[in-house]
There are 2 protein chains.
Amino acid sequence: MELSNKQITVIFKALCDENRVQIFRILQNGELCACHLLEELHLSQPTLSHHMKVLCDSGLVVGRKEGKWMHYSISAEGAKVAMDCLKEITAVNESECKCCNK
Amino acid sequence: MELSNKQITVIFKALCDENRVQIFRILQNGELCACHLLEELHLSQPTLSHHMKVLCDSGLVVGRKEGKWMHYSISAEGAKVAMDCLKEITAVNESECKCCNK
DNA sequence: CATACACATAGAAAAATGTCAATATGTTTT
DNA sequence: AAAACATATTGACATTTTTCTATGTGTATG
């Protein structure tokens, strides 16, 4: 996939704030609109909006507009990208030298 | 494992900074001491020391003291914890109601 | 034992992030 | 069309993070 260092930071920023982690926990029960998320969090509406933007930018959450509501849910594809990325960046190269496999 | 929101943020803060992501890329080739890491990064020695502390706090990197050198490497166990955590936090509950599996 | 070396810590400045009140935008309802 | 509603954006401020210089600590070496 070859993500840049910058792109990797954008993905994992999703999980670097306690409120955002809490949002994941809430969304685990299924898609929810912003106003319902707001009810479960001690945050102002603009602050929630900001966090949802960070989450969507990461790809781990997707938003779906329906009339005046925004429905948010955890993205299985985004989660897969993040998993692959985490696996890749924490992998240790067995052999540094490709030709002799040493 | 049941990690708190706070603990989760500590893990993923490791990957929220471009320099730290670069450190992972370097450590993928194997254990390295701080002074050699420093050669490959455009950072001051105290700044690197700060980043290594963040990385060790996350559990994704471990340090090993040998004389006056600190050797750092990627932790396979830490990576596993992070993977499990990411998987858990991005999982969507199939059934909200335990009794009827609906 | 004095000096050099590797790394950590303290303290300060700069940059990035999180937060809210006020306001704007777009949608539905009356 | 006006009012109400859901969400986004703006601008300001507080907190956190990143970064550096200066200094401290522990270890090896001459």
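First the proteins, then the strands, lettered A, B, ... as listed; each starts at 1. Not measured: the values here are computed from a predicted model. Atom set for the values below is all heavy atoms of this structure, side chains included, hydrogens, waters and symmetry mates excluded.
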For [X] and [N], what is the distance between atoms [atom1] and [atom2] respectively, to the nearest whole Å?
X: B:M52; N: C:dA6; atom1: CE; atom2: P; value: 16 Å
X: A:Q22; N: C:dG18; atom1: CD; atom2: P; value: 16 Å
X: B:L41; N: D:dT19; atom1: CG; atom2: C1'; value: 14 Å
X: A:K68; N: C:dT29; atom1: NZ; atom2: P; value: 6 Å
X: B:D57; N: C:dA8; atom1: CG; atom2: P; value: 12 Å
X: B:M70; N: D:dT27; atom1: CE; atom2: P; value: 13 Å
X: B:E39; N: C:dC7; atom1: CD; atom2: C1'; value: 15 Å
X: B:L48; N: D:dT19; atom1: CG; atom2: C1'; value: 12 Å

How far does [atom1] of [X] sit from [atom2] of [Y], to the nearest 0.5 angstrom?
X: A:T47; Y: A:N19; atom1: OG1; atom2: CG; answer: 8.5 Å
X: A:F12; Y: A:Q7; atom1: CZ; atom2: CD; answer: 12.0 Å
X: B:L60; Y: B:M83; atom1: CG; atom2: CE; answer: 11.0 Å
X: A:H36; Y: A:L27; atom1: NE2; atom2: CG; answer: 13.0 Å

[X] vs [N]: side-chain N/O to OP1/OP2 distance below 4.0 Å:
X: B:K13; N: D:dT17; answer: yes
X: A:T47; N: C:dT19; answer: no
X: A:K65; N: D:dT7; answer: no
X: A:H51; N: C:dT19; answer: yes

The side chain of [X] is closest to which nucleotide in this list: [options]?
X: B:P46; options: D:dA28, D:dA22, D:dT7; result: D:dA22
X: B:W69; options: D:dT17, C:dA6, D:dC20; result: C:dA6
X: B:R20; options: C:dC7, D:dT18, D:dT7; result: D:dT18
X: A:D17; options: C:dT19, C:dC20, D:dT9; result: C:dT19

Assuming nearest nucleotide by heavy-atom distance, tell me which of A:H42 and A:E66 is located more 5' along DNA chain C.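 Final value for this comparison: A:H42.
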
Nearest heavy atom decides the nucleotide; on that basis, is B:Q45 or A:H50 closer to the 5' end of DNA chain D?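 Taking each residue's closest nucleotide, the earlier one in sequence belongs to A:H50.
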
Among side-chain atoms of A:R20 and B:N5, is any donor-acceptor pair under 3.5 angstrom?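 No.
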
